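Following: one structure in structure tokens, then a few remarks.
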Amino acid sequence: MIENVNATRMELLQLRKRVALASRGHRLLSEKRDEISRQLIKIARQIQPLRKRVEAQLLETCRRFMLARATMEPEDTKAALAVPTKKFALAVSFASIMNVKVPHLAKEMSGQIICYGFATTSGELDVALLALERAFDDLIELAEKEKQARLLAVELQMTRRRVNVLEHVVIPELHETIKFIFAKLAEAERDNTTRLMKITDIIRA
Amino acid sequence: MNDIAEQAELGGLDFYTYPPVGGEDWGYAFATAQVRAIETQMLSRAVLLDMANAQNFEDAADLLTASEYALPQGSRNFTEVENILKLRRSAVRKLFADLMIDEPIAELFRARDDFANMRLAIRRTLTEKPLGTDYSDDGNVAAEQFEQVFEQENYSLLPDYMQQAVGRAVLAYYQKKDIRQIDYAIDSVQAEYNLQKARQLESVFLLGLFRTRIDLTNIRTMLRLKFAESDQRSVFLSGGYIEQQRLKHGLDIGYEAVGALFFATPYYEVVESGVNYFVSNKSFLKLEQQCEEHLTGFLRTTLQITAGPQPVIAYLLMKENEIRTVRLILTAKNSALETKLILDCLGE
């Protein structure tokens with residue numbers, strides 16, 4: 001129950017308005033929570049196979065790269081990879097899902113990923129770099145989805161907490177206070193009636 | 001000189017598998033005897049296979065304890081392996097330079113590091129990156145001299161072959177503004193320089209070695225271009241036994257027909273097994289192993305030479321190959337790669 005409340009009709013009317021507002025807020029927040037949950041599940045379902053695919057691609061790339069590095073002379077490896085020619089830029093825009101600003105990543109790549117000659121380098125290096133280039137699309141999509149999922153999860157947690165506070169604390173407290181004021185006013189009403197009856201008895205006597 | 005002239009004109013069909021290795025030179029009797037003695041200390045195939053089949057990195061490293069690659073007990077890490085392998089390579093190259101009576105041959109093999117250093121220096125210069133000091137010190141030009149030469153752009157301090165390479169690389173880069181052109185130009189100058197030196201030295205063996213290497217590089221390049229679906233056709237090195245037309249034709253046909261294209265050449269086995277492995281595994285490991293095997297096969301034919309520079313050169317190259325193999329196995333074991341993959345790299 002709300003402490004230090006004035007048990008007046010005015011206060012009762014205000015509290016009734018607050019209850020109506022809190023109930024409407026609770027309903028809206030519950031709907032928001034359900035929608036965010038739905039979106040989150042949808043994204044999580046997309047993330048799982050995507051992550052598996054990216055991990056497999058990166059593992060394969062690393063394996064190939066390690067083999068290439070092992071079969072090449074250290075000076076040749078250094079010379080081949082010292083000055084990369086592939087240029088990579090990432091543009092970030094924001095979309096709104098249930099009022100949550102989630103990032104949308106778009107990549108811009110230019111230049112060749114194979115930036116060396118053929119005489120002193122291993123073919124495995126080509127395979128590794130081309131596999132890495134192919135993995136970029138999935139990698140960026142995964143980064144985007146995981147960030148979206150993280151932001152939605154934070155928002156979901158906050159919304160759920162708000163819904164719970166409204167449902168289990170604010171609305172019951174308001175109801176209790178209303179009940180208290182109603183009881184107080186009824187008590188005052190009975191008190192008044194009793195006093196009037198007593199005065200009437202005194203006058204008659 | 002007649003031998004050299006004949007060798008220079010040899011086509012792929014004029015020998016069965018390996019080109020001739022030339023005659024004997026009794027000035028190298030001591031050097032050859034020394035090489036024959038230390039050759040016996042090289043790691044046998046059985047040891048390499050045992051390393052490949054070892055459970056883990058520690059077990060593989062344990063198999064090297066009785067060899068010159070022995071790692072200290074206790075804190076074994078991969079940096080230590082790299083250091084030991086670099087030290088062994090420098091020692092082998094120093095021994096080679098000591099055993100070589102003909103200094104130009106030692107210079108010729110040291111030039112490989114010069115070309116590698118130059119690739120790095122030119123790339124850094126043209127892309128306006130710091131020149132650095134991390135150059136190999138095993139070349140004819142000292143590592144610290146590189147930074148000075150490229151900073152001052154005073155290329156006259158470099159040997160002739162390097163000046164030529166710098167000129168061609170810079171020109172090639174500015175013509176297409178493509179960093180890869182630097183490597184293509186340097187590879188081309190290096191191949192030309194090797195052949196020219198071999199002719200000057202009148203070494204049938206060196207000429208055969210470099211022409212075979214050019215062929216193997218071209219074959220690998222052809223398949224790599226096919227894989228990358230690249231339309232570059234002018235990157236093949238000239239001077240090999242295989243005609244460039246055949247290589248260019250290889251770019252236009254399907255993988256299943258590539259082996260047949262080389263049927264009448266000594267590289268049929270190399271190409272056929274390399275392409276089959278590539279088609280099924282999308283990996284160049286087998287092709288590279290087969291190229292190395294072919295070159296090692298050629299180097300082994302120097303066993304018929306009682307005395308001469310050929311066994312000494314063959315020892316250097318086989319020893320370098322051994323060091324690469326040890327690095328490959330230990331890297332693979334350290335990264336827990338599958339044993340089958342390592343065995344594929346080592347060959348049947």
Side-chain angles (χ1 to χ4, degrees), chain A residues 52-89 108-139, chain B residues 82 85-86 89 112-113 115-120 123-124 126-127 129 132 134-136 138 178-188 190-191 213-214 217-218 220-221 223-225 227-228 230 235 237 278 282-285 287-288 292 320 324 327-332 334-335 337 341 345:
Chain A
K52 271 187 188 163
R53 202 162 64 229
V54 168
E55 277 176 4
Q57 282 172 335
L58 290 181
L59 194 72
E60 184 64 14
T61 304
C62 286
R63 203 178 67 142
R64 303 273 191 179
F65 184 72
M66 242 174 273
L67 281 171
R69 209 177 127 246
T71 49
M72 282 164 65
E73 293 292 351
E75 299 84 38
D76 293 331
T77 313
K78 199 194 293 170
L81 302 174
V83 184
T85 51
K86 190 96 186 164
K87 292 210 165 44
F88 185 87
E108 277 173 35
M109 289 207 280
S110 59
Q112 292 282 329
I113 198 154
I114 296 175
C115 56
Y116 43 79
F118 297 106
T120 53
T121 53
S122 164
E124 284 305 290
L125 196 58
D126 299 3
V127 180
L129 291 180
L130 289 170
L132 182 66
E133 193 179 28
R134 278 195 299 274
F136 268 137
D137 284 331
D138 286 343
L139 194 64
Chain B
E82 282 286 358
L85 294 178
K86 270 187 188 166
R89 198 184 64 173
R112 293 177 303 173
D113 280 79
F115 283 111
N117 285 343
M118 195 161 48
R119 268 189 202 101
L120 196 57
R123 276 165 165 256
R124 285 175 175 170
L126 293 179
T127 51
K129 296 235 158 60
D134 52 343
Y135 299 101
S136 164
D138 290 340
D178 178 2
I179 205 96
R180 290 174 300 173
Q181 299 300 327
I182 297 172
D183 279 12
Y184 299 154
I186 294 176
D187 292 345
S188 172
Q190 188 174 5
R213 262 193 176 170
I214 288 172
T217 303
N218 281 342
R220 284 205 307 261
T221 304
L223 287 167
R224 287 167 72 179
L225 288 174
F227 169 65
S230 171
V235 292
L237 302 174
F278 175 76
K282 284 279 169 280
S283 166
F284 290 103
L285 283 180
L287 179 74
E288 281 171 5
E292 208 60 63
E320 285 182 346
R324 272 197 302 275
R327 185 191 293 120
L328 170 75
I329 297 173
L330 292 180
T331 306
N334 193 38
S335 318
L337 297 184
L341 208 65
C345 296

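Everything numeric in this text was worked out from a predicted model, so none of it was measured. Within every chain, numbering begins at 1; the chains are lettered A, B, ... in the order of the sequence lines, protein sequences first and strands thereafter.
Defined by atom type and a distance below 3.5 Å, a donor-acceptor pair is missing between the side-chain atoms of B:Glu288 and A:Thr71.
Using a 4.5 Å cut-off on side-chain heavy atoms (C-beta onward), B:Phe115 and A:Thr120 make no contact. Annotation: side chain of A:Val127 is not in contact with side chain of B:Lys282 (no heavy-atom distance under 4.5 Å). Within the 4.5 Å cutoff, side-chain heavy atoms of A:Asp76 are placed close to those of B:Arg119.
Interface summary for chain A: among B:Arg123, B:Lys86, B:Lys129, B:Met118, the most heavy-atom pairs under 4.5 angstrom belong to B:Arg123. Contact count against chain A (heavy-atom pairs under 4.5 Å) is highest for B:Ile179 among B:Asn334, B:Leu237, B:Ile179. Ranked by heavy-atom pairs under 4.5 Å with chain B, the first of A:Pro74, A:Gly111, A:Ala82 is A:Pro74.
Across B:Thr217 and A:Ala119, no two heavy atoms sit closer than the pair CG2-CA, 3.5 Å. Taking each heavy atom of A:Ala79 and B:Ala116 in turn, the nearest pair found is CB-O, 4.0 Å. Taking each heavy atom of A:Met72 and B:Arg327 in turn, the nearest pair found is O-NH1, 3.4 Å. Considering every non-hydrogen atom in both A:Ala70 and B:Leu328, the closest pair reads CB-CA, 3.6 Å. Of all the heavy atoms in B:Asp183 and A:Gly117, the pair that sits closest is OD2-N, 2.8 Å.
With a threshold of 4.5 angstrom between heavy atoms, B:Asp134 approaches chain A through its backbone and through its side chain. With a 4.5 angstrom heavy-atom cutoff, B:Leu285 touches chain A via backbone and side-chain atoms both. Neither the backbone nor the side chain of B:Arg213 comes within contact range of chain A; no heavy atoms are under 4.5 Å apart. Within the 4.5 angstrom heavy-atom criterion, only side-chain atoms of B:Thr127, from C-beta onward, approach chain A. Looking at B:Glu292, there are no atoms closer than 4.5 Å to chain A (heavy atoms on both sides), in backbone or side chain. Looking at B:Arg220, the atoms closer than 4.5 Å to chain A (heavy atoms on both sides) all sit in the side chain, from C-beta outward. Of the atoms belonging to B:Leu341, it is side-chain heavy atoms, and not backbone ones, that fall under 4.5 Å from chain A. In this structure, chain B has a heavy atom under 4.5 Å from the backbone of A:Ala80, while its side chain stays farther away.
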task: Go through the steps to decide whether B:Arg180 and A:Thr85 satisfy the test side chain to side chain contact (heavy atoms under 4.5 Å, CB included), and finish with yes or no.
output: CA-CA 9 Å; B:Arg180 290 174 300 173; A:Thr85 51; 5.8 Å; no

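A salt bridge links B:Arg89 with A:Glu75: the distance from a Lys NZ or Arg NE/NH1/NH2 to an Asp or Glu carboxylate oxygen falls below 4.0 Å. Using a 4.0 Å cut-off between a side-chain N of Lys or Arg and a carboxylate O of Asp or Glu, A:Glu73 and B:Arg112 do not qualify as a salt bridge.
Proximity of a side-chain donor or acceptor of A:Glu124 to a complementary backbone N or O of B:Ser283 within less than 3.5 Å is not detected. In this structure a side-chain-to-backbone donor-acceptor pair under 3.5 Å is present from B:Arg224 to A:Phe118.
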